[in-house]
2 protein chains.
Amino acid sequence: MGVMRHSKANYGGGDRLKRQIMAARGKMPVDLLVENVRYLDVFTGQFVSGKVAVHDQFIVGIDEDYEAKEVIDGQGRYLVPGFIDSHVHLESSMMIPQRFEEAVLPCGTTSVVWDPHEIANVWGQEGIRWAIEASEGLLLDVFIMAPSCVPSTSPVMGFETSGAELLAEHLKEFVNHPRVLGLAEMMNFPGLLSGDDDIMAKLSMFAGGPRDGHCPGLSGKDLNAYGTAGICSCHESTTLEEAKEKLRKGIHVWIREGSCAKDADKLLPLINPYTSATAGLCSDDRNPLDIAEDGHINRIIDIALSQGIAPEDIFRTASFGPARNYQLMDRGAIAPGYLADMVLCQPKAGKWLNGVQIDRVFKKGRCSQRYLQDIEIRPDHSQAASSPRKNMHMPDPSPQQLRIDVSAERVKASVIGVRPGQIVTDHLRFDMEATSTGLQSDLSRDILKIAVFERHHNSGNVSVGFVHGFGLKRGAIATTVNHDSHNVIAVGASDEAIVAAVAELKRMDGGIVVYAGPGHIQSLALPIGGLMTGESPAFIAERLKTLKSLANEIGCKLEEPFLTLSFLALPVIPSLKITDRGLVDVDQFRLVTVASFAGQ
Amino acid sequence: MGVMRHSKANYGGGDRLKRQIMAARGKMPVDLLVENVRYLDVFTGQFVSGKVAVHDQFIVGIDEDYEAKEVIDGQGRYLVPGFIDSHVHLESSMMIPQRFEEAVLPCGTTSVVWDPHEIANVWGQEGIRWAIEASEGLLLDVFIMAPSCVPSTSPVMGFETSGAELLAEHLKEFVNHPRVLGLAEMMNFPGLLSGDDDIMAKLSMFAGGPRDGHCPGLSGKDLNAYGTAGICSCHESTTLEEAKEKLRKGIHVWIREGSCAKDADKLLPLINPYTSATAGLCSDDRNPLDIAEDGHINRIIDIALSQGIAPEDIFRTASFGPARNYQLMDRGAIAPGYLADMVLCQPKAGKWLNGVQIDRVFKKGRCSQRYLQDIEIRPDHSQAASSPRKNMHMPDPSPQQLRIDVSAERVKASVIGVRPGQIVTDHLRFDMEATSTGLQSDLSRDILKIAVFERHHNSGNVSVGFVHGFGLKRGAIATTVNHDSHNVIAVGASDEAIVAAVAELKRMDGGIVVYAGPGHIQSLALPIGGLMTGESPAFIAERLKTLKSLANEIGCKLEEPFLTLSFLALPVIPSLKITDRGLVDVDQFRLVTVASFAGQ
């Protein structure tokens, strides 16, 4: 038998089991009885009018009367299993796990599957160890997937410089950790398809568990090969047809609604009584402002309900589907022996079409609201005490680093075309004219300089290119949150503004900076790896609002300027990206120069 | 991460993975291409017209054209995942595993979950070791569940004498075997409900895996407690309502159609798009004659189809449902990365309502028909070489052992009432009159003597009672197949006939005997533990036919005389049973005497 650690009711030894059995039989009062509810039976896909008894973290009874220490009248409302975020980079919330818990528990999220590859790109193995430690002992269940692609592309390709490189041998220590479920998103699908030895070793090492995928646009024989390699999920579908082909090929579809990548609207028509057992929902990358304003996994449920998808189906997709795929047999259902992860909810304003109103969240039988009032943020993971190391290992920025010299007066320039609300970009080409200081931003056509500064090894690497779609008229934006290598990325209306923004970012040791002019700066410090802070969700949300507002003031037209910027260096997402090594044509998987002669 | 051994595509190391990826990409010819089929996509619950490529045991591609070493034209027929028998006592087929494979592979069964508690009741740990060894290296995947209840009732109750007793400590050696999935049916639900320490220890020991249930009629709070203890399945529901309550309480429902217990007709209305992911099919106990004539799991599929259940749903129930529950993530679907366990089939006479016609079975990509032609029965598991030990450790039978003396002339006798086609019995009461030799069979009212002889320890234990429903007019039937302790059980029209039948059974060292009179005997020898033989399915089926025919000749009215007889000693199935210790009132869980005074 395999040593599966998350089987139904597996937490107790004999004595605990006995007590739970006695409680279930009504021989002693249970901890909690939620009565007068319509609970979701995920096994038959129906809401059932009844009651649910909870004892010692677990559901111990349904449909029967129990003497209870606490009784809650559900007033005819709905009780559904706690939501599972099937794939998240918790770092993208900019919060430490304890703060993330504070943000998402009230949204009904009771388990998350975390690929900590952001912090791993900065700190390597140490980052994964930190992730495990910082998510220990929370009420929220945080499962870890071992990052498969750090850096996102194979170092031999030379596409980017990350803080660390993780080979199969570096992941070995995590294989047997009880909260490590398997191997995280295999973004390097070209490497997999070519039979790269290190990738084969990683796939084999985690052959006992789920191995997540990431394969935007992959189809046909290559998708067959990806599934053959044992990949069991993908959260990168952007069209319904793409999602259907993946699901048919045994690759479970996680429907994503991040802050930047929003696929839910297009993919949700996939959900029906069958697929609610084989699909799931995920946030991937979602910022605290969006979580505060629109919610987390419940946001995707809202969209589904607004499309008229049956509540039975979407609530099942949010819980049972991913629980079964990740073999978390102790959750995803409201039934005896399952963890008491439950959401008491009702249709907004009386209609499911309006979305779901979450009234109360139970995690392991505890009321999350009461729990969150009582906890203290542990100092060892908060801003003050964290991150003894410096985050900015780079020379001071200078205008010289931003020059783009060309050997002709008129050139055809490759320009990154931003698509609002997506992380894929277009590879645009513009005619440009050189000045005495090389190519410069052209505000009239919204062609802005974008630069990446290596910040892990003091290499001095800087690359410069152009981007279309930000709309800045002055100033600059710079950040250390920059997938996945998390070098400094900056976009600006002028070279001077970019330098000023990056200099400030270096001074504060990482975070996000919006520079509107001398003395006119707003920032959010992210002292933990340049990615996270121990501040509260409310504080971060407020800061982000202020930053966005200033970005808007300097002309930025994007809904999500910082997230959009932070994905422009990810060379595994089509079509044109920029890293510290230069422009990457992702479609052809090669480095390209900014400018070619105009005639070409 | 848990060390799960049956994850998708987990069989290969790096090199094999590379070859499979290359085959999937079409860079080398695949082993097999099945084209022009409608394959079942279990993830979306639809049949899809396409083709399926197989390489090195696994499905490596769908929907694409591949160069292949062998091409099979499916002629528009259906291709569905191989069937899983979710719960079987393989011993009840009377065949060794290699012969069982021969019988069920052609029926489309490609994986079985075996609880070897029959042989464990006879040989103890040694029996489980034998089961593991004898099912090693077959093409059919035989998974083992560690028997939880050997004997079926706790020895402290003194209800029966088995060949062995298995405590938690005896199961330890099996926990980490790669083919042992979890703990087999927890029949001793009263023990579980009372918090029995050994049961708690067994449940805890196998907490990492599935723990199967067996709880006929259990409901309400007790069923809540059973689910709370982590039990995740039950195959003992006999009504739709009972099955629904179990499923709602997180106890997956295996729909059973054995030779004796036939529940499919009543339970199949449970199946729909939702439950096809949470229910399964099983045979439990099915004899070779029935397998030969009506099939195995495909028999249940036939019944479902005749009820108008959608083929998508019942084929999904037969494969995907149990695969997910048992966390066998490498099977139960036709998709890349899954084992090439597939059944090529079509509606019988053009209509699904007529059932399924199985044209070809692929197991791990091999054509089962060709495989079965080529294999040789390994002598170490065949009749000749097996079972060096004797099976009959008992004194010679005598008429004195069969006397039922009573202290009054007229008594009220407790009589086991047989229900044809079920293993539950009725507790009947008849007025009877004593003769000079005590109470005797009354052929006119079909009240026959039934006796159980302990045969493991030479204890000389014999108990005698009465049964109604066999209809014998002369002769006797005796067998060593007698659940679960497998003592000798015999029913006869006279004491002399019973003695003669049991004497012959002892002489041949176990099996089944029908005695019609001096020199008029038919028998089937079962040299392996008195339960199994290495003979072929055809041989056993032919013998059973002959035996049945003779049983019929002496008056037996039952469809399944031997199976019915063999369940009359199982004291965990209501209502009245007989063991070597006496009559057991299962409803009250106590031993009772045959006769009480007529007034009582």
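Residue numbers start from 1 in every chain, and the chains themselves are labelled A, B, ... in the order their sequence lines are given, proteins ahead of strands.
Geometrically, A/K221 engages B/Y66 in a cation-pi contact, judged by NZ or CZ lying under 6.0 Å from the ring centre and within 45° of the ring axis.
At a threshold of 4.5 Å between non-hydrogen side-chain atoms, the residues B/R324 and B/M329 count as touching. Counting heavy atoms from C-beta on, the side chains of B/I144 and B/L181 never come closer than 4.5 Å. For the pair B/Q57 and B/R16, the minimum side-chain heavy-atom distance is below 4.5 Å. At least one side-chain heavy atom of B/Y274 sits under 4.5 Å from a side-chain heavy atom of A/S276.
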Evaluation steps, side-chain hydrogen bond (donor to acceptor under 3.5 Å, both in side chains), between A/Y326 and A/D212: CA-CA 10 Å; A/Y326 285 120; A/D212 281 340; 2.7 Å; yes
- request: Output, in order, the C-alpha distance, side-chain angles, deciding distance and verdict of salt bridge (charged side-chain N to carboxylate O under 4.0 Å, His left out) for B/D15 and B/R19.
  value: CA-CA 6 Å; B/D15 281 347; B/R19 281 199 308 276; 5.9 Å; no
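Looking only at heavy-atom pairs under 4.5 Å with chain B, the residue among A/E245, A/K244, A/M22, A/Q46 that has the most is A/M22. Per-residue heavy-atom pair counts under 4.5 Å with chain B were compared for A/A333, A/A53, A/G26, A/G220, and the maximum is reached by A/G220. Interface check for chain A: of the options B/G195, B/G61, B/G45, the most heavy-atom pairs under 4.5 Å are formed by B/G45. Of the listed residues B/R248, B/H55, B/E64, the one with more heavy-atom pairs under 4.5 angstrom with chain A than any other is B/R248. The greatest number of non-hydrogen atom pairs below 4.5 Å with chain B, out of A/D41, A/I62, A/D63, is found for A/I62. In terms of non-hydrogen atom pairs under 4.5 Å with chain B, the most contact-rich of A/D196, A/L223, A/N325, A/I199 is A/N325. Among B/D313, B/T275, B/L192, B/L193, the residue with the largest count of heavy-atom pairs under 4.5 Å with chain A is B/L193.
With a threshold of 4.5 angstrom between heavy atoms, A/D65 approaches chain B through N, CA, C or O but not through any side-chain atom. With a 4.5 Å cut-off on non-hydrogen atoms, A/N224 touches chain B through its backbone and its side chain both. Looking at A/V48, only its side chain comes within 4.5 Å of chain B, counting heavy atoms on both sides. With a threshold of 4.5 angstrom between heavy atoms, A/L270 does not approach chain B through any atom at all. Only the side chain of A/H252 comes within less than 4.5 Å of a heavy atom of chain B; its backbone N, CA, C and O stay farther away. With a threshold of 4.5 angstrom between heavy atoms, A/A277 approaches chain B through side-chain atoms but not through N, CA, C or O. For A/I334, the part sitting under 4.5 Å from any heavy atom of chain B is the backbone (N, CA, C, O) and nothing else.
The local environment of CD in A/E173 is crowded, with over 12 non-hydrogen atoms from other residues, nucleotides or ligands closer than 6.0 Å.
Between the side chain of B/R316 and the backbone N or O of B/P273, at least one donor-acceptor pair lies under 3.5 Å.
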